[in-house]
Amino acid sequence: MSILSSALLLLCIFFSLQFMILDGFQSNPLVLPLTHSLSHSQNPNFTVLHHLKSSFLHSAARHRHRRHMPDRRKQVSLPLSPGSDYTFTASVGAPSAPTVVTLYMDTGSDVVWFPCSPFECILCEGKPSYPFATPPPPPPPASRPVICGSAACAAAHSGLPASDLCAVAACSLDDIETSSCSAPCPPFYYAYGDGSLIARLRLGPLSLPGSAVPAAASSAAALHLKNFTFACAHSALAEPVGVAGFGRGPLSLPAQLAALSPSLAARFSYCLVSHSFKSDRLLRPSPLILGRTEPKPSEPDQDPPFVYTPLLHNPKHPYFYSVGLESLSVGTSRIPASSILRSVDRKGNGGMVVDSGTTFTMLPSDTYTNLANEFDRQMSRAGFQRAAEAEDETTLRPCYYYEDRKQWRRRVPGLALHFSGNASVALPRRNYFMGLESGGRRVGCLMVTSGGDASGEEDYGGPAGTLGNFQQQGFEVVYDLQAKRVGFARRRCAALWEEMSRA
């Protein structure tokens with residue numbers, strides 16, 4: 001056997017030992033239930049209006065962070081109230097003594113982390129699930145620190161050389177020069193738009209207790225990863241709940257699943273149940289489907305097919321799922337999107353990020369202004385009166401008074417997004433125009449917002465727009481990493497959960 005063949009064999013054996021699969025589901029889809037943050041909010045005084053305002057602030061903070069922070073290690077904003085987010089559970093530690101952790105599903109980040117005792121959370125009051133009913137667990141005994149010279153350590157530290165990281169870890173010069181230092185990876189700082197944390201990387205068992213499709217007799221641990229890289233956070237700012245990054249980085253959950261089973265990581269999707277910020281509409285979970293198979297061509301009376309738009313490469317922020325937005329339609333009027341929304345330049349500026357962790361869609365100010373003006377023109381022509389007080393109260397605009405629900409639904413113009421690749425997505429009205437009470441009267445507001453204008457700012461950079469999860473409700477959104485595209489298809493998400501979880 002040649003030296004090259006021997007090396008390849010050893011490499012295959014190494015990766016096969018990194019993961020252990022339970023129940024033989026690696027080639028079948030795995031369905032996990034996503035729970036909306038409204039379902040476990042501990043603040044009974046939070047009204048629909050409160051959720052709207054906090055979600056707007058949450059969305060704006062994440063968008064500003066991407067636009068104005070060319071490096072994610074920069075300073076971040078102060079914490080905000082709960083947004084519109086989705087969680088699932090995972091088990092860490094040995095299968096014989098697992099610890100269940102709750103994680104936000106976030107396609108806009110690329111690290112999997114959760115709080116570990118001792119844990120300090122600064123300014124976390126008012127956040128869902130805080131204060132904790134029980135303290136966070138210590139680092140799982142079955143896990144071990146990631147070493148400073150590993151590729152995972154470099155990825156967590158934004159690509160810093162292993163020699164620098166091992167020097168920070170107090171390795172001797174001899175060990176650094178011979179790449180033999182086994183000191184733990186230094187703590188790293190990670191920032192979101194509305195919070196941040198300091199954490200340490202560890203390697204250990206992680207289980208996803210979802211439902212395999214087709215179902216088996218036992219699904220207590222549908223998938224078990226023997227050596228999964230995650231982060232233990234001991235201090236955080238406004239982030240008391242862990243996050244499962246589903247972005248395109250090497251430490252994300254899909255990227256690590258790819259080493260276990262390419263079929264699980266090649267395509268994943270979610271379908272968010274429509275809620276309008278009302279918890280009684282969230283009686284069933286939203287399905288998160290790992291290893292989503294390619295649907296068969298649509299036939300009469302079947303679900304509509306996916307429309308696909310290609311993923312754009314972002315050289316500065318490669319973990320984002322960036323797509324090109326070419327135009328929008330209000331009724332029959334077509335509105336060209338700003339040129340910066342259509343592509344990503346060599347500096348990483350432009351494009352629209354498809355993000356499960358941001359609530360509202362954010363557009364550059366010029367595109368948003370053109371959209372809002374055309375929407376207002378058509379609403380005024382349909383007889384709706386502007387509600388200026390509601391705009392001040394909700395921070396959304398334009399808003400309108402209405403009295404008759406049937407009249408409201410019938411006269412509100414349609415809204416569609418037109419992505420590159422001839423992918424047009426017509427939004428249901430509840431995804432972009434929602435009714436609520438304001439000042440004792442019924443109003444409705446446009447649920448798409450402005451991300452501001454960064455022209456002339458020295459720290460300008462990053463994605464130009466964000467497609468938020470509120471506009472994704474009632475669609476199955478599939479991330480096809482193998483074909484490098486994102487797809488959208490209208491679905492009854494609660495029914496899809498029932499179908500997939502009982503298959």
Side-chain angles (χ1 to χ4, degrees), residues 60-76 106-111 151 154-162 164 188-193 245-252 254-255 258 308-328 335-358 361-368 370 417-423 450-468 479-487:
R62 280 177 68 102
H63 183 74
R64 281 198 307 270
H65 179 65
R66 291 171 180 157
R67 291 292 284 164
H68 302 296
M69 306 296 182
D71 191 317
R72 72 183 178 203
R73 291 169 287 176
K74 298 284 187 179
Q75 185 62 40
V76 297
D106 183 18
T107 60
S109 62
D110 61 342
V111 172
H157 286 274
S158 300
L160 285 178
D164 291 359
F188 68 94
Y189 169 80
Y190 200 92
Y192 300 90
F246 271 70
R248 303 169 79 181
L251 298 180
S252 72
Y308 290 99
T309 183
L311 284 169
L312 304 176
H313 174 64
N314 190 316
K316 192 156 190 174
H317 307 283
Y319 44 89
F320 287 151
Y321 294 104
S322 298
V323 298
L325 181 68
E326 297 186 343
S327 61
L328 307 93
I335 302 168
S338 172
S339 60
I340 198 171
L341 280 167
R342 302 178 189 181
S343 61
V344 179
D345 66 21
R346 289 179 294 178
K347 295 181 179 179
N349 303 328
M352 173 174 261
V353 173
V354 184
D355 187 10
S356 67
T358 297
T361 292
M362 312 292 291
L363 297 172
S365 60
D366 56 348
T367 303
Y368 168 76
N370 292 337
L417 308 176
H418 306 287
F419 297 100
S420 59
N422 199 30
S450 172
D453 183 2
S455 60
E457 297 182 9
E458 294 181 359
D459 58 356
Y460 158 77
T466 303
L467 180 63
Y479 296 76
D480 190 338
L481 307 187
Q482 189 170 28
K484 297 181 180 179
R485 59 184 184 174
V486 176

Do [X] and [Y] make a side-chain contact, defined as non-hydrogen atoms from C-beta onward lying under 4.5 Å apart?
{"X": "Leu328", "Y": "Leu363", "answer": "yes"}
{"X": "Ser322", "Y": "Arg248", "answer": "no"}
{"X": "Val323", "Y": "Leu311", "answer": "yes"}
{"X": "Val111", "Y": "Phe188", "answer": "yes"}

[X] side, atom [atom1]; [Y] side, atom [atom2] - distance, nearest 0.5 Å:
{"X": "Asp355", "Y": "Met362", "atom1": "CG", "atom2": "CE", "result": "11.5 Å"}
{"X": "Tyr190", "Y": "Leu251", "atom1": "OH", "atom2": "CG", "result": "9.0 Å"}
{"X": "Arg485", "Y": "Ser420", "atom1": "CZ", "atom2": "OG", "result": "13.0 Å"}
{"X": "Leu325", "Y": "Ser343", "atom1": "CG", "atom2": "OG", "result": "11.5 Å"}
{"X": "Leu341", "Y": "Ser327", "atom1": "CG", "atom2": "OG", "result": "11.0 Å"}

Side-chain donor or acceptor of [X] paired with backbone N/O of [Y] under 3.5 Å:
{"X": "Asp110", "Y": "Gly245", "result": "no"}
{"X": "Thr358", "Y": "Gly468", "result": "no"}
{"X": "Asn349", "Y": "Gly462", "result": "yes"}
{"X": "Thr107", "Y": "Ser356", "result": "yes"}
{"X": "Thr367", "Y": "Ala337", "result": "no"}

| task | Test Val344 against Lys316 for side-chain contact (heavy atoms from CB on, under 4.5 Å), laying out the working first. | result | CA-CA 10 Å; Val344 179; Lys316 192 156 190 174; over 6 Å; no
If every non-hydrogen atom of [X] is compared with every non-hydrogen atom of [Y], which pair is closest and at what distance?
{"X": "Gly249", "Y": "Ser252", "value": "O-OG, 3.0 Å"}
{"X": "Ser450", "Y": "Ser365", "value": "OG-CA, 3.6 Å"}
{"X": "Phe419", "Y": "Met352", "value": "CE2-SD, 4.0 Å"}

| Option from Tyr321, Phe246, Tyr308 for which ring pair (Phe, Tyr, Trp, His ring centres under 6.0 Å) with Tyr479 holds |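 That would be Tyr321; it is the only one of Tyr321, Phe246, Tyr308 passing the ring pair (Phe, Tyr, Trp, His ring centres under 6.0 Å) with Tyr479.
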| query | Would Gln482 and Asp480 count as a side-chain contact (heavy atoms from CB on, under 4.5 Å) if you check the C-alpha gap in whole Å, the side-chain angles of each, and the deciding distance to 0.1 Å? | reply | CA-CA 6 Å; Gln482 189 170 28; Asp480 190 338; 3.8 Å; yes
| field | Results of side chain to side chain contact (heavy atoms under 4.5 Å, CB included) for Pro250 - residues two or more places apart only | value |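 Pro250 satisfies side chain to side chain contact (heavy atoms under 4.5 Å, CB included) with Ala155 once adjacent residues are dropped.
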| query | Stepwise, does the side-chain contact (heavy atoms from CB on, under 4.5 Å) test hold for Leu467 with Leu417? | reply | CA-CA 10 Å; Leu467 180 63; Leu417 308 176; 3.7 Å; yes
